[in-house]
Structures are given as C-alpha cells and as structure tokens.
Amino acid sequence: MDTSEFRDVFAAEARDYLQSLNDDLLALETTPDNPKILDEMFRAAHSLKGMSGTMGFEALADFTHQMESVLDLLRTGEIVANKEIINVLFTAIDYLELLLEKTLLGEDVTAVNEIASTLEEIIVNKERFMSTSEQSSDLTSEQTDDKISGLVILDPFDRETVEQGYAQGYDAFEIRIRLRPKTLLKSVRVYTIFQALESMSTIIKCKPSAQDLEEERFDLEFSLVVLTQEKCDTIVSIIENVSEVDNVQALAIDRLSPTMDTEGTAGNVDAKTATLQPISKANANANSELQSEEPPKELPIATPVQNRGVFADKFVRVETDRLDKLINLVGELVISRTQVLEMGKSIEQAESKSTIVQLDRITTDLQYAAMKLRMVPIKQVFDRFSRMVRDLAQATNKEIQLEMKGENTELDRSLVNQIGDPLVHLLRNSIDHGIEQKDVRLAKGKTAQGHIRIEARHEGSHVLVEVSDDGQGVNVEKVRAKAVKRGLISANSTAELTMKDAISLIFEPGFSTSDQVTDVSGRGVGMDAVKASVEMLSGSVEMESSADRGSMVIIKLPLTLAIIKALLVVTHQQTYAIPISSVRENLLVSPEQIKSVNQKKVIVLRNEVLPLLDLAEILGFSRSQVSETLSVIIVESHGEKVGLIVEDLLGQQEIVIKSLSDLLGDIPGIAGATVLGNGQVALILDNSTLIQKEE
C-alpha cells in the first residue's frame with residue numbers, strides 16, 4: 001500500500017502524540033502514583049507505534065515499542081516512577097522526536113542510540129526499579145488478577161436509568177471487550193460493535209468515554225453498560241463475531257442500593273464490585289426464560305452515549321497552502337468590494353444601492369470568517385515551555401514553578417509560528433538572570449521556589465503576551481558597569497542611571513550582564529533578538545522591573561498581518577498606507593509652530609517635543625512645498641513619537657497586504673504593497689525602519 005499520501009497527516013498526529021507524552025510526563029513527575037496519567041501515556045505511545053507500523057516506519061515503531069514496554073511496567077506497578085526513570089523517559093521522548101524528523105526527511109535512522117539500550121536494561125532488570133511498598137505490591141496483584149480491567153462507575157443519572165430499566169423488565173450488563181494485539185483502526189471496530197448492539201440494547205455508559213474511543217485514546221480494552229432483554233450469550237456471541245475481538249466478558253449488574261455512593265471514590269470500590277456478577281451461558285438462558293413470557297417493551301429513553309454519530313469527525317486537517325490560497329482569494333474579494341463601493345457612490349437608484357450594501361455586508365462577514373481560519377491558539381507555543389523550564393531549572397540547580405495563562409488566546413498563524421523564539425529568549429533570561437539560587441531567595445525572605453508566569457490576552461486589536469518572574473530584577477549598578485565597559489556610557493558620567501535607562505541598555509545589541517558564557521545565556525543576543533523579532537512582526541516590546549521584586553516583559557502584537565486597517569496619505573502625488581496601529585493622531589500645524597533644535601525641526605505637542613520629518617524627503621523625493629498649514633501624522637515607534645509631514649489625508653481603509661517580489665528584496669521603510677479601490681497600487685510604510693533610516 002502506498003502510504004506517501006498520508007505522510008503529512010501522520011506527521012501532524014505524531015507530533016501531537018509527542019507533545020501529549022511530554023505534557024503527561026511533566027504531570028507524572030509531580031504525581032508519580034497517578035494511574036490515569038500512565039494510562040494516557042501508554043495509549044499515546046501505543047497509538048504512535050501502531051501508526052508508525054502502518055506507515056512502514058519500522059525503526060520508529062520498534063523504538064516506540066520499547067518505550068511502551070517501560071510505560072506498561074509503570075502502569076502495572078512492576079516498577080516505580082522515580083527520578084531516574086522520569087529522566088530516561090524524557091530523554092527517550094527527545095530521541096523519539098529526533099527519530100521522527102529523520103524518518104520524515106528520509107534520512108538514515110539505523111544507528112542505535114544508547115537510550116534504546118537504557119530502555120532495554122530497565123525492561124530486563126526491572127527488579128532494580130521495583131517498589132518496596134505493600135501498597136504497590138497489592139495494586140500489581142489486583143491488576144494482574146483481572147483478565148480484562150475496567151470497572152464502570154455509574155453516576156446518579158446512570159443509576160436512575162438502570163433502575164428504570166429494571167422496573168420495565170430489562171437486565172443491565174457490563175460488557176468488557178478486549179481487541180486483539182496490533183489491531184489497526186480500533187475506532188472502526190468499536191463503531192462496528194456499537195452498531196451491532198444498538199438494535200437490541202441501549203448503551204448508557206462506556207469507559208473510556210465515547211470521544212476517547214472515537215479518537216483511539218485507549219489501549220485494547222473498553223467497557224460498556226447496556227440495558228437489554230436479549231440473552232446474555234446472544235450479546236456475547238454478536239460481539240465475538242466482530243473481527244479482531246480477542247475476548248468478551250459479560251457481568252450482570254444487580255439492582256443498586258438507593259444509598260450506595262456512586263462517585264467512584266476508593267471507599268466504595270468493593271461495594272460496587274459486589275454488584276457485578278459474572279454471567280455463564282446457563283444462567284443467561286435461565287434468566288432469559290423467566291423473561292420470555294413477558295411481551296417485549298420499549299427500550300428506556302435517554303442515553304448519555306449517542307449510538308449514532310458518536311464517531312463523526314469534528315475537525316478536518318487542511319494543508320496550509322490551501323488555506324493561504326483561500327485567504328488570498330478573500331483578500332482579492334475585499335479589494336473588489338472596495339472598488340464596487342467606490343462605484344456605488346455615483347449610483348442613485350435605491351435598489352442598486354441596497355444590493356451594494358448587501359454585498360458589502362456578506363463580503364465583510366466572509367472576510368472575518370476567513371480570517372478566523374488563520375487564527376490558532378497560542379497554546380501550541382506555550383506547550384513546549386513546561387518541559388524547557390523543567391530542564392533549565394535542573395541545569396541551573398534552581399527550583400522554578402511555571403504558570404501559564406491564556407493558552408487559548410488566538411493569534412494569526414503566521415505570528416504564532418514566529419513568536420516562539422522570542423518567548424524562549426525571555427524565559428531563559430528569567431531563569432538565568434532573574435530567579436535567584438535557593439539559598440539567596442531564602443536569605444531575602446522569599447520562597448525557595450521561584451515563580452515564572454507567562455500570560456496571553458486580547459487587548460483591542462492586539463494580543464499582549466507577558467513574561468514575568470519574582471526574581472532579583474534588573475541590577476542597575478551591574479548594567480552601568482557593563483555599559484561603561486562597552487563604551488555605551490562615559491565612565492566619568494556622574495548622572496544617576498535610572499531603571500528606565502538600564503532597561504534601554506539591556507536591549508542594545510550584544511549587551512549581557514552575565515559574567516560568563518553558559519549554555520543558557522551570556523552571549524548578548526537574547527533581548528536584542530527579542531526586540532528585532534517582535535518589531536519584524538509589527539509589534540513592540542516593553543519591560544518593567546523592580547529590584548528584588550522581579551521583572552515583566554510585555555510583547556504587543558497585532559491580531560493578524562494579512563488584512564489590516566491603514567491610514568491612506570498622499571505625498572509627492574503618490575498614495576501610501578500607514579498601519580493604523582502605529583498612528584496616534586493627525587493634526588494641522590502652521591509654520592509658526594515649527595521650531596528648530598540642533599538644526600532639526602520639532603513641534604511642541606502638549607508640552608512634549610516631537611521630531612518633525614518630511615515623508616517625501618525620507619522617501620527620497622524633493623521636499624514638500626510649505627503651505628499655510630501642514631498635515632502632520634503623529635506615529636509611534638520604539639516608544640517614541642514622531643511627526644510625519646504629508647500632503648493630504650485620504651482616510652482609513654482596510655487593506656490586504658501583498659509581499660513584494662523577491663527580486664526587490666527587503667526595502668528599508670517598505671513593509672509591502674496593497675491594491676486600492678480604484679485599482680491603484682500603494683506601498684505600505686514600515687514606520688520603525690523608515691524612521692531609523694532617517695536618523
């Protein structure tokens with residue numbers, strides 16, 4: 001079978017499983033006795049192994065099988081999740097990720113990594129990692145005795161449904177089913193069983209949940225609670241006839257006591273188990289004969305598990321190229337809409353105007369719906385930070401707690417793909433420069449464990465991402481000493497260096513307060529790289545700090561870079577677009593209001609001195625003619641405001657950003673181009689690089 005067409009889908013799902021393994025392992029490190037986490041990890045590894053085998057990636061499948069075997073030993077309690085095992089599993093996940101990328105690129109994956117030998121050693125010499133506690137031993141024994149695990153816990157609603165079934169003459173069974181090893185398309189087998197049972201029974205509960213069964217988030221076993229008037233052996237026989245079913249057990253559920261606790265706590269497990277009675281075929285026939293004299297009755301209504309449509313797809317994976325093509329077409333439609341609206345201004349017929357208004361509304365709705373397709377949660381960036389912070393904390397011998405908020409905040413896909421690296425720099429800075437060693441924190445009256453917080457949230461048409469820590473903050477004197485050493489400030493300067501000045505120096509290229517270069521920091525590329533990356537995304541960076549209380553870095557990003565609002569201006573008889581996010585205000589200035597400072601033009605606006613630049617002159621044209629009043633646009637760049645002289649203002653308009661040809665390359669001051677409603681092409685100005693070029 002040719003599996004090349006499924007390679008992209010496999011890659012996406014495999015990376016999801018790897019991220020899930022990373023997250024679950026982090027949780028397991030905190031609560032090593034949590035069986036649910038181990039079950040989830042085992043299912044993820046098992047599914048990844050099955051997918052790899054189906055695709056023919058034997059090396060990937062074999063290594064995942066070794067990892068799955070170790071997880072199975074943890075799951076059954078034969079070994080315990082101590083620090084050594086956790087570290088080995090983290091390394092195994094890293095190697096698995098490397099193996100996946102090499103496999104997808106078609107590179108050689110035959111080399112045996114030492115981590116594979118370590119996993120094999122754990123499997124062979126599991127006695128070294130066995131638990132000595134009686135509790136673990138009892139748990140192992142209990143799990144080994146069960147042929148098929150999976151006691152279904154009934155909540156009050158389910159219990160009431162069972163009681164109603166008994167009142168109408170139905171029997172309740174828990175059906176425990178195990179599929180054969182290496183079963184492919186497990187969800188299809190489950191769906192077939194559901195279809196076979198729905199004509200003769202009502203399914204009121206399943207374990208795992210229907211969604212987990214649909215998405216194959218289970219190993220080989222699952223359980224169903226059904227109400228039926230059929231014979232027990234009939235039910236078992238029907239399920240056994242489904243292909244790839246290895247074993248079926250049916251257990252009768254006795255009538256539940258009204259006072260029985262059904263919340264699934266440890267104290268009621270024995271009582272619940274006592275209500276489940278294994279059914280032999282003889283007993284099943286006897287029970288059915290007692291009921292056969294009664295006429296069949298309708299099945300009880302109300303089932304939490306819907307039998308039909310449970311396995312309907314909720315998501316569709318689409319290639320990003322197709323999505324980008326759709327967005328580009330919508331962009332062209334927005335341009336055409338603007339042209340139609342321009343034409344509509346000269347139309348007086350009411351019916352035609354109404355049609356144009358309706359077209360405008362529908363196109364706008366389509367535009368927002370298409371833009372929504374580009375929006376993805378920033379969670380996919382945040383997910384990798386927990387593991388990174390854990391590893392760096394161990395490397396620096398610090399105790400650090402990472403708190404993440406706003407993971408579901410949505411941002412343009414192109415921005416999400418590029419914001420990861422700046423955030424990594426900020427987190428590394430917080431760990432290395434911000435959070436103090438344990439003894440230092442205790443001496444300052446702080447907790448031994450440092451705290452780093454990363455939060456994303458919407459604010460107007462922007463997204464704010466904040467990275468803060470409760471560390472030592474910016475050391476102004478240390479910054480001053482480094483600045484003097486690098487010649488950024490004079491050694492003879494007696495002026496006091498403020499916190500704001502120190503923060504400005506930190507963002508200078510190549511600046512670092514580290515005394516030595518380490519794997520974490522010290523090369524002076526961190527904060528400068530953050531600033532450069534964010535500004536390339538039309539964003540801004542601000543930093544706040546307080547001595548011994550910590551620091552906070554705030555990144556402000558636009559929601560999207562595909563369609564933006566812009567202010568259209570005219571200079572040298574050409575139309576240009578200035579992103580509205582950087583425009584603070586526009587005003588008329590008389591020649592008398594223009595002053596000179598160091599031979600440069602400035603204006604005073606509300607007691608604030610602002611540089612005044614001629615946009616035509618910056619762009620390389622002749623200076624604008626001075627009239628009685630000048631149109632000035634106040635724009636903000638790098639936290640500083642500048643006034644731009646233009647010839648005329650045309651107003652605001654939504655524009656579609658078009659990248660310039662590769663033949664032109666990157667032109668300082670130009671962010672791209674757009675097509676206006678009249679068909680004219682207008683360049684989009686990049687205020688930050690434009691003003692830097694002038695300075």
Salt bridge present between [X] and [Y] (N-O < 4.0 angstrom):
X	Y	result
R180	E244	no
R176	E174	yes
K379	D383	yes
K36	D39	no
D439	K444	no

Is the shortest heavy-atom distance from the side chain of [X] to the side chain of [Y] under 4.5 Å?
X	Y	value
L464	I555	no
K186	H46	yes
V474	S551	yes
N22	M41	no
D470	R441	yes
I177	S223	no
Q19	D16	no
K398	K438	no

| Would E40 and L21 count as a side-chain contact (heavy atoms from CB on, under 4.5 Å) if you check the C-alpha gap in whole Å, the side-chain angles of each, and the deciding distance to 0.1 Å? | CA-CA 8 Å; E40 286 293 330; L21 284 169; over 6 Å; no
Mind listing the closest non-hydrogen atom pair of [X] and [Y] along with its distance?
X	Y	answer
G434	D469	CA-OD1, 4.2 Å
I454	F385	CD1-CE1, 3.8 Å
A27	I37	CB-CD1, 3.7 Å
L213	S187	O-CB, 3.6 Å
T447	Q449	OG1-O, 2.9 Å
T64	A45	CG2-O, 3.2 Å

Got a donor-acceptor contact below 3.5 angstrom from the [X] side chain to the [Y] backbone?
X	Y	answer
S533	P422	no
Q437	T396	yes
S47	A44	no
K446	E436	no

Interatomic distance, [X] atom [atom1] to [Y] atom [atom2] [nearest 0.5 angstrom]:
X	Y	atom1	atom2	answer
E84	I79	CD	CD1	10.0 Å
L48	R43	CG	CZ	16.0 Å
D412	L557	CG	CG	10.5 Å
L73	E68	CG	CD	11.0 Å
L96	K49	CG	NZ	13.0 Å
R453	L402	CZ	CG	11.0 Å

| task | Test side-chain contact (heavy atoms from CB on, under 4.5 Å) on L100 and R15 and set out the steps. | result | CA-CA 9 Å; L100 172 64; R15 292 189 180 107; 4.0 Å; yes
| query | Going through the checks in order, is the side-chain contact (heavy atoms from CB on, under 4.5 Å) test met by V467 and S430? | reply | CA-CA 8 Å; V467 179; S430 291; 4.2 Å; yes
| query | Who are the ring-ring contact (aromatic ring centres under 6.0 Å, His included) partners of F10, not counting sequence neighbours? | reply | F57
| message | Parallel, tilted or perpendicular: which one describes the rings of F218 and F222, with boundaries at 30° and 60°? | response | perpendicular
| If you count the non-hydrogen atoms of other residues, nucleotides and ligands that lie under 6.0 Å from NE2 in H451, is the total more than 12? | yes
| said: Pair S468, E466 - check side-chain hydrogen bond (donor to acceptor under 3.5 Å, both in side chains), show working. | reply: CA-CA 6 Å; S468 60; E466 297 178 355; 6.0 Å; no
| task | List the steps, then state whether side-chain contact (heavy atoms from CB on, under 4.5 Å) holds for E455 with V465. | result | CA-CA 6 Å; E455 178 181 1; V465 183; over 6 Å; no
